[in-house]
A.B. asks: 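Mind looking over this structure? Questions follow.
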Amino acid sequence: GYLLPIQKMDTVNGIYKMYRGLGGLLDSILADENVTEVMINGPDNIFVERSGRLTRVDKHFKDEQELRRVIDLIVGKAHREVSEANPIVDTRLEDGSRVNVVLSPIALSGSTITIRKFSKQPMTMSKLLEYGSITPEVANFLKKLVAARYNIFIAGGTGSGKTTFLNALSNYIPHDERIITIEDSELIVAASSGESKKIDIQSLIRSSLRMRPDRIIVGEVRGAEALDMLQAMNTGHDGSLSTGHANSAEDMLSRLETMVLQGEAALPLKAIRQQISSAVDIMIHLSRLRDHSRKTMMVSEILPHLDENGDIRLNPLFEFREDEHSTLQHVSGALVRTENPMIQTDKWTRAGFLLEDIPAPVRK
């Protein structure tokens with residue numbers, strides 16, 4: 001045997017990764033376990049997110065041509081195509097990381113790649129406890145809600161940790177149940193005629209109902225598929241989970257109404273609201289705060305009957321409240337029990353839990 005000089009070994013590894021991986025530069029960035037997101041704005045501008053903060057990487061691609069080779073590798077591994085005729089592509093890396101590609105000249109500063117990294121370590125509620133995103137009391141409460149087959153919806157803004165929280169919550173599902181999980185990526189398959197056909201998330205939800213699921217998990221609802229998800233929750237698929245993009249629980253309810261209308265514009269608004277209030281039992285709102293920390297801001301139950309004005313009723317059970325020690329750089333506070341009693345306890349008691357196991361409301 002023999003030893004290669006370090007510089008020569010680095011060159012060999014770089015060439016190997018270029019053809020087997022995604023290229024030495026991108027592979028080295030993705031190998032950093034502290035990096036949660038990668039943003040490449042043309043060959044000269046690379047940014048990463050670590051611990052919620054953006055920093056610029058002091059490296060760059062040789063030129064636009066090298067960057068395009070990396071893009072072709074990414075989309076090629078996923079059996080997708082990207083070109084001037086199809087310059088915007090959403091796909092995934094082999095490890096599940098989400099990728100968005102926009103080619104030049106649509107992207108003015110050069111082709112862009114945005115990668116939301118997939119964690120190799122599965123997220124658990126114990127890790128969220130370590131991060132301070134949730135309290136032991138709330139974690140135990142949610143564990144029982146999942147076991148009791150409450151339909152739970154997780155809402156939050158960009159980067160608030162919706163998917164992470166969904167993954168942690170799904171660990172509470174009993175292992176003997178049949179779960180159908182549905183991703184939010186649009187699939188394109190080649191038909192026998194040679195034409196391509198789009199398979200959207202709405203079709204996947206409808207198909208999943210014929211697969212005898214105990215529960216359905218929809219990664220994120222964004223459009224007309226919201227009605228299909230709500231109908232699934234209303235027709236015997238209790239304990240289903242999903243997420244949606246919104247800046248508050250109230251905004252999420254409004255967005256759900258809009259999504260349903262995208263698919264069924266003729267439905268009366270009152271009927272849509274009744275469908276939502278009957279289907280979703282628990283709404284969890286997450287947020288990314290000014291100090292870049294991710295917190296659970298609210299756990300509410302959605303009451304099954306509309307109020308006298310025909311609006312959906314939220315009953316907050318836990319709320320995040322800042323304290324006097326908060327600053328611009330650090331948010332201090334706690335997720336605390338409200339004074340509101342829990343109203344929907346039927347599933348709770350049917351699961352064999354005692355009413356006294358429900359966290360008691362605080363006194364006014």
A.B. asks: Under the salt bridge (charged side-chain N to carboxylate O under 4.0 Å, His left out) rule, collect the residues that match up with D44, sequence neighbours excluded.
C.D. replies: none
A.B. asks: Residues in side chain to side chain donor-acceptor pair (under 3.5 Å) with S326, at least two apart?
C.D. replies: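 S326 satisfies side chain to side chain donor-acceptor pair (under 3.5 Å) with E322 once adjacent residues are dropped.
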A.B. asks: Taking E177 first and then R215, would you say they form a salt bridge - that is, a charged N and a carboxylate O separated by under 4.0 Å?
C.D. replies: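 Yes.
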A.B. asks: Return the set of residues passing salt bridge (charged side-chain N to carboxylate O under 4.0 Å, His left out) with E301 (not counting sequence neighbours), or none when no residue passes.
C.D. replies: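 With neighbours one apart ignored, the set is empty.
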A.B. asks: Do F320 and V362 belong together in a cluster built from hydrophobic side chains that touch within less than 4.5 Å?
C.D. replies: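 F320 and V362: separate clusters.
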A.B. asks: Under the rule for salt bridge (charged side-chain N to carboxylate O under 4.0 Å, His left out), what residues qualify as partners of D311, not counting sequence neighbours?
C.D. replies: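 If we apply the salt bridge (charged side-chain N to carboxylate O under 4.0 Å, His left out) test to D311, skipping adjacent residues, the hits are R273.
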A.B. asks: Would you mind checking if E37 and R50 are paired as a salt bridge, meaning a charged N to carboxylate O distance below 4.0 Å?
C.D. replies: no
A.B. asks: Please give the remaining members of the hydrophobic cluster of I106, linking ILVMFWY side chains under 4.5 Å, ordered by chain and number.
C.D. replies: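 Members besides I106, by chain and number: I88, V102.
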A.B. asks: Taking everything shown except Q262 itself, do over 12 heavy atoms lie less than 6.0 Å from its CD?
C.D. replies: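 Yes.
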A.B. asks: State yes or no: do I358 and M298 share one hydrophobic cluster built from I, L, V, M, F, W and Y residues joined by side-chain heavy-atom distances below 4.5 Å, directly or via other members?
C.D. replies: no
A.B. asks: Just checking, is any N or O donor in the side chain of E81 or N86 under 3.5 Å from an acceptor N or O on the other one?
C.D. replies: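 Judged by distance alone, the side chains do not pair up.
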A.B. asks: Between R178 and D176, is there a side-chain N and carboxylate O pair less than 4.0 Å apart?
C.D. replies: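 A salt bridge is absent here (no side-chain N lies under 4.0 Å from a carboxylate O).
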A.B. asks: For the pair E64 and S104, evaluate side-chain hydrogen bond (donor to acceptor under 3.5 Å, both in side chains) and give the outcome as yes or no after the intermediate values.
C.D. replies: CA-CA 9 Å; E64 173 71 17; S104 173; 4.8 Å; no
A.B. asks: Please write out which residues are connected to F47 in a hydrophobic cluster, directly or through intermediates, given that two of Ile, Leu, Val, Met, Phe, Trp, Tyr count as joined at side-chain heavy-atom separations below 4.5 angstrom.
C.D. replies: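 M39, L54, listed by chain and number.
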A.B. asks: If the threshold is 4.0 Å, N to carboxylate O, is there a salt bridge linking D307 and R313?
C.D. replies: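 Here D307 does not pair with R313 in a salt bridge, since their nearest N and O are not under 4.0 Å apart.
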A.B. asks: Sorted by first residue and then second, give each salt bridge (Lys or Arg N to Asp or Glu O under 4.0 Å) pair with at least one member in residues 158-169; sequence neighbours left out.
C.D. replies: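 Listed by first then second residue: nothing to list.
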A.B. asks: Restricting to pairs with a member in residues 236-245, which pass salt bridge (Lys or Arg N to Asp or Glu O under 4.0 Å), not counting sequence neighbours?
C.D. replies: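 Checked against salt bridge (Lys or Arg N to Asp or Glu O under 4.0 Å) - neighbours excluded - the pairs reaching residues 236-245 are D238-K347.
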A.B. asks: What ring pair (Phe, Tyr, Trp, His ring centres under 6.0 Å) pairs are there with at least one residue in residues 333-364, not counting sequence neighbours?
C.D. replies: F141-W348, W348-F353
A.B. asks: Have S332 and D323 got a donor and an acceptor in their side chains that come within less than 3.5 Å?
C.D. replies: yes
A.B. asks: Excluding sequence neighbours, so at least two apart, what forms salt bridge (charged side-chain N to carboxylate O under 4.0 Å, His left out) with E308?
C.D. replies: none
A.B. asks: Using a cut-off of 6.0 Å, state whether more than 12 heavy atoms not belonging to D58 lie near its atom CG.
C.D. replies: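 Atom CG in D58 is not packed in, count stays at 12 or less.
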A.B. asks: The criterion is side chain to side chain contact (heavy atoms under 4.5 Å, CB included); which residues satisfy it with Q65, sequence neighbours excluded?
C.D. replies: D63, R69
A.B. asks: Among residues at least two apart in sequence or on other chains, which ones pass side chain to side chain donor-acceptor pair (under 3.5 Å) with D346?
C.D. replies: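 Here no residue qualifies.
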A.B. asks: Please report the shortest heavy-atom distance between P304 and Q274, naming the atom on each side.
C.D. replies: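 Closest pair (atom of P304, atom of Q274, distance): O-NE2, 2.9 Å.
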A.B. asks: Can you see whether S126 engages E130 through a side-chain donor-acceptor pair at a distance of less than 3.5 angstrom?
C.D. replies: no
A.B. asks: Testing M229, H245, R255 one by one against V221 for a side-chain contact (heavy atoms from CB on, under 4.5 Å), which residue passes?
C.D. replies: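 Of M229, H245, R255, side-chain contact (heavy atoms from CB on, under 4.5 Å) with V221 is met by M229 alone.
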A.B. asks: Between T338 and E319, is there a side-chain donor-acceptor contact under 3.5 Å, judged purely by atom types and distance?
C.D. replies: no
A.B. asks: Do I173 and L142 sit in one hydrophobic cluster, given that two such residues count as connected whenever their side-chain heavy atoms are within less than 4.5 Å of each other, even indirectly?
C.D. replies: yes
